[in-house]
Each structure stands twice: as C-alpha cells, then as structure tokens.
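Please read the structure below before turning to the comments.
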Amino acid sequence: MAPGLPQSMADMDRPHFIGIGGAGMSGIAKILAQRGSRVAGSDARESATAEALRALGATVHIGHDAAHLASDATCVVVSSAIREDNPELARAAELGIPVVHRSDALAGLMEGLRPIAVAGTHGKTTTTSMLAVTLATLGLDPSYAIGGDLDVPGSNALHGKGDIFVAEADESDRSFHKYAPEVAIVLNVELDHHANYASMDEIYESFEVFAGRIVPGGTLVVSADQPGAVELTRRVRDLGELKVVTYGESEDADLRIHKITARGLTSEVTVLLDGKLLTFTVSVPGRHYANNAVAALAAGIALGIPSRNLAGALKSYTGVKRRLQLKGEAAGVQVIDSYAHHPTEMTADLEAMRSAAEGSRILVLFQPHLFSRTQELGTEMGQALALADSSVVLDIYPAREDPIPGITSALIVDAARAAGAEVEAVHDKAEAVRTIAGMAKPGDLVLTMGAGDVTDLGPQILAELSK
C-alpha cells in the first residue's frame with residue numbers, strides 16, 4: 001500500500017481515473033500521486049493538466065479504450081459525468097475491479113485530518129482557493145482540492161504536511177453528502193443542476209443532509225444575506241451539537257460586513273467582529289468576491305486561527321483561473337475570462353467588471369452551458385447579458401448532456417433583446433472570435449464567459465485584435 005494512504009484506502013494504491021483531466025478528478029489524482037500511489041488514467045483530449053500529472057509520474061492515456069485499463073489496477077475512479085457505456089468502465093466490470101466515485105475517493109483523502117468543505121451554488125472554487133492560499137501563507141501547509149487551477153496547470157490540488165484539508169464540495173450530484181467536515185461553508189442555495197434536482201425543496205433537503213454530516217461540535221458558516229442560505233439556516237439551527245456562524249451585510253450576521261470599498265481591481269473590506277472593526281484587502285474586484293473572503297475568514301476563525309492573522313494573509317490571494325482572469329491585452333483591449341454560467345454568477349461578474357471598468361465598454365462572448373440549465377434559466381441568462389454593452393452568444397455547450405428538442409441559445413438571445421440588450425447569435429466559433437474582436441475599440445473590456453470551452457477563445461481574440 002502506498003505511504004500516506006489510510007488503511008481504508010488500500011484500493012487507491014494503483015487507481016485508474018476515467019476522465020483524469022477534469023477539474024475534480026485531476027486534483028484527487030495529483031494528491032494520490034504525491035502520497036505515493038501509482039496513478040493512471042485516461043482523458044478525451046491532451047491538455048496541460050495531463051502533462052502536469054505525467055510530471056508527477058502518472059500514466060495518462062488520450063482517448064477512452066478498454067486497453068488503457070491495466071489488469072493490476074486496484075480500482076477505477078469515476079465522476080458522475082462518466083457514461084455507463086464507457087469502454088474502460090465495461091472492462092473494469094469484466095476484470096472485477098472495484099469502481100469508486102470521485103467523492104468517495106476525496107472523502108478517503110480527508111480521513112484523519114481537519115476538513116473544511118465549501119459548498120454553494122456559486123463561489124465554491126473562489127472561496128476554497130482563498131482558504132487554501134491564506135492557510136498556506138500562514139505556514140499551515142494545508143492539503144486542498146479545488147475545482148480550478150490557482151495559476152499554472154495542476155495547481156488545483158496539493159498534499160500538504162499540515163492537518164487541515166480544504167475541499168470544494170459539489171452539490172450538483174449530491175456527492176457532498178460523502179464528506180464529514182469539521183467546518184462547512186454554504187455560500188448560497190439556489191435552484192440549479194436541473195437534471196438532478198426537480199425543485200427547491202429537493203435542493204434544501206440535499207443541503208440539510210450536508211449540514212448534518214458536519215462532525216459533532218463542528219461549525220456551519222453560512223450567508224446571512226442570500227435567501228436560500230437564510231432558509232437553510234432556519235432549517236438546521238437545532239441540529240445536534242452544530243455551531244452556526246452567519247456572515248454578510250445583514251444587521252443580524254454574526255460576522256457582519258460593515259463596508260466594502262471598490263479600489264479598481266481590488267476591494268477594501270471592513271467587518272464587525274466581537275464589537276471591533278477589522279479591515280483587510282481582497283485582491284480581486286466585486287462584492288461577491290468580498291463576501292467569499294469574509295466566508296473564508298469565518299471558517300478560519302472557526303478552526304481557531306486568529307482573525308488578524310487571517311485578514312492579513314487573505315490579501316495574498318490574487319485570483320484563480322477562469323474567475324475574472326486577465327488573459328491579456330491587445331490593441332488597447334483587455335480580454336478577461338469568466339467561468340460564470342448561472343444567471344446569478346453572470347450578473348455578479350458583470351457588475352464587478354462595471355465597477356472596475358471606469359467608463360469602459362464591456363463586451364461579452366457568452367457560451368451557454370448545458371441544455372437543461374438553458375431550458376430552466378435561459379430567460380434569466382439573457383436578462384443578465386443586458387448588463388453588458390454588447391454580447392455575442394454561441395451555441396449551447398452540451399458537456400455530459402444530450403440535446404433537448406427546441407432548446408437552443410436562441411432562448412437567451414430573445415430574452416436578452418427583450419431586456420434591451422444589444423446581442424448577436426453566432427454559431428461558428430471562429431466567426432464569433434472575428435465578430436467580438438471587430439466590435440472592440442481601445443479601452444474596451446472583452447469577457448469570454450461560460451463553463452465550457454469558450455475559455456479557449458480568449459487567446460484567439462487577442463490574436464485577432466493584434467492584426
């Protein structure tokens with residue numbers, strides 16, 4: 001068995017990951033490799049993440065083929081995105097190799113440590129990253145698994161020597177029910193992931209289960225401002241030995257945000273804690289990121305770390321890939337990448353950029369993510385795009401889903417125009433790059449927005465602008 005693995009994770013000695021390049025899967029693979037496991041896996045395409053894993057000694061195959069699964073693999077790790085007809089999954093069944101869900105593998109990695117699990121419909125990656133960077137800055141050497149890279153490929157996870165493990169907890173498929181954190185953060189509770197949740201009641205029930213998994217005497221850090229989070233707090237207040245700490249701008253928040261002052265691409269945040277004011281800098285723009293930082297502050301305090309130490313270290317967080325990440329500048333135009341794909345996230349990022357733009361025009365190249373999400377929230381997505389000066393909308397990125405008859409990006413375009421937005425539908429990505437670059441003038445900000453492969457178009461837009 002590999003050193004650093006608990007006895008209950010003996011199956012993780014020689015794991016094979018199907019979809020090893022994914023944000024969640026690659027992080028677990030990296031930590032296992034750092035702990036001494038002989039990691040292998042496959043992914044649909046070559047990537048910098050695959051290369052980073054190979055540099056750690058992992059074997060990464062491109063494409064899915066039964067031959068890629070070694071007969072001596074001790075388990076096969078999958079996410080909810082892996083289909084039943086995957087040839088490597090079928091081969092695992094033939095060989096009798098155990099199949100482990102990604103969330104079970106992550107839960108095993110947290111055994112014996114002090115886990116912090118970050119959940120919510122939006123902001124998980126940012127808040128998890130803030131905590132990881134802050135704790136590392138304080139010399140606590142945490143382990144962490146994040147749903148996005150901090151800077152370079154492969155920086156989404158680390159096996160640290162400290163006793164704290166910070167993890168992004170995914171509610172989309174209820175897999176966050178597997179964790180037993182000492183501290184849990186719930187940033188917000190909204191209806192999303194429509195393929196798995198039919199109603200808000202189902203969402204609340206799922207988050208209640210998550211809160212009930214917090215260890216006795218542990219702490220739930222939860223927003224005092226967001227309506228869904230407030231309702232969750234009402235539902236779990238009397239759960240056993242659970243401590244509930246609320247944060248936000250609400251007057252009755254336990255950790256109250258007194259003031260947020262925008263300073264270009266940074267914010268100055270003042271909170272009221274135990275009757276005293278504490279001010280610190282957040283090195284990313286926008287009220288939602290300021291709120292994420294306060295959630296991270298509250299979680300650190302719940303672990304027993306002095307608030308002033310945390311406040312000083314939070315400044316060292318300078319962002320994560322795809323979260324308002326500056327991709328470059330050409331012809332006087334800045335190109336910025338946004339992962340926002342839910343209307344609330346889109347609105348928050350566009351408002352953040354508006355506050356930082358200082359009169360510049362904001363142009364958006366938006367790629368809807370998932371047919372089910374577009375079916376349920378397409379109107380709200382279009383309304384969010386009305387906050388931009390002009391937008392180009394691509395076809396829906398399907399990810400794991402099959403098309404839904406009648407559901408196209410036209411739903412978003414029509415809603416945007418009805419809200420007074422200037423918007424254009426473009427189906428070809430190369431044409432979309434030329435279109436958005438042709439719109440841009442010196443001083444403008446261009447956002448590539450969405451959770452799909454629209455992120456790949458940022459460099460192409462910069463190249464087009466350079467012409």
Side-chain angles (χ1 to χ4, degrees), residues 18-19 22-25 44 78-86 101-103 119-125 147-148 168-177 187-207 209-210 226-228 322 338-349 364-385 391-416 418-419 423 425-427 429 448-455:
I18 304 178
M25 297 281 273
V78 298
S79 71
S80 298
I82 302 304
R83 299 191 179 220
E84 293 290 337
D85 59 357
N86 183 282
H101 191 272
R102 177 187 66 82
S103 58
T121 315
H122 331 288
K124 293 185 292 291
T125 297
E168 185 169 331
D170 183 12
E171 80 284 355
S172 68
D173 55 2
R174 295 178 173 83
S175 61
F176 67 160
H177 296 170
L187 301 161
N188 34 59
V189 181
E190 293 187 35
L191 184 58
D192 195 9
H193 312 297
H194 305 278
N196 294 321
Y197 294 102
S199 66
M200 273 305 299
D201 279 338
E202 287 191 15
I203 293 275
Y204 284 130
E205 288 167 8
S206 188
F207 275 89
V209 172
F210 173 64
Q226 199 271 329
R322 303 232 51 211
S338 164
Y339 187 69
H341 51 280
H342 184 283
T344 302
E345 298 165 345
M346 295 166 66
T347 299
D349 274 8
V364 175
L365 176 55
F366 178 61
Q367 181 187 52
H369 186 259
L370 300 181
F371 293 100
S372 60
R373 183 177 286 123
T374 304
Q375 182 178 35
E376 297 294 333
L377 299 173
T379 298
E380 290 84 351
M381 292 178 193
Q383 291 166 346
L385 288 177
S391 300
V392 172
V393 178
L394 288 163
D395 290 338
I396 297 169
Y397 183 82
R400 57 191 176 271
E401 292 187 343
D402 294 322
I404 298 174
I407 303 303
T408 71
S409 56
L411 289 171
I412 298 167
V413 172
D414 291 345
V423 61
V426 178
H427 304 287
K429 290 177 185 173
T448 52
M449 180 175 281
D453 58 7
V454 68
T455 183

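Fair warning: this is a prediction, and the values are worked out from it, not measured in the lab. The analysis underlying the following values was restricted to heavy atoms, covering all of them including side chains, and did not include hydrogens, waters or symmetry mates.
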So [Y] and [X], do their side chains get closer than 4.5 Å, heavy atoms only?
| X | Y | value |
| --- | --- | --- |
| Asp453 | Tyr397 | yes |
| Met381 | Val393 | no |
| Arg102 | Ser80 | no |

Report yes or no: does [X] contribute a side-chain atom to a donor-acceptor pair with the main-chain N or O of [Y] at less than 3.5 Å?
| X | Y | result |
| --- | --- | --- |
| Glu190 | Thr121 | no |
| His341 | Tyr339 | yes |
| Gln226 | Leu187 | no |
| Ser175 | Asp170 | yes |
| His177 | Ser206 | yes |

[atom2] on [Y] to [atom1] on [X], rounded to 0.5 Å:
| X | Y | atom1 | atom2 | answer |
| --- | --- | --- | --- | --- |
| Tyr197 | Ile203 | OH | CD1 | 5.5 Å |
| Arg174 | Phe207 | CZ | CZ | 11.0 Å |
| Leu394 | Met449 | CG | CE | 13.0 Å |
| Asp349 | Thr344 | CG | OG1 | 11.5 Å |
| His342 | Asn188 | NE2 | CG | 9.0 Å |

Shortest non-hydrogen contact from [X] to [Y]?
| X | Y | value |
| --- | --- | --- |
| Glu168 | Thr125 | OE1-OG1, 2.8 Å |
| Gln367 | Val454 | OE1-N, 3.1 Å |
| Ser103 | His101 | OG-ND1, 2.8 Å |
| Phe366 | Ala340 | CE1-O, 4.1 Å |
| Tyr204 | Pro227 | OH-O, 4.4 Å |
| Ala399 | His369 | CB-NE2, 3.8 Å |

> Can you pull the side chain to side chain donor-acceptor pair (under 3.5 Å) pairs that have at least one residue in residues 402-412, sequence neighbours excluded?
Replying inline: Arg83-Asp402
> Excluding sequence neighbours, so at least two apart, what forms side chain to side chain contact (heavy atoms under 4.5 Å, CB included) with Glu380?
Replying inline: Pro343, Leu377, Gln383
> Of Leu370, Ile396, Thr374, which is the lone residue that meets side chain to side chain contact (heavy atoms under 4.5 Å, CB included) with Glu401?
Replying inline: Leu370
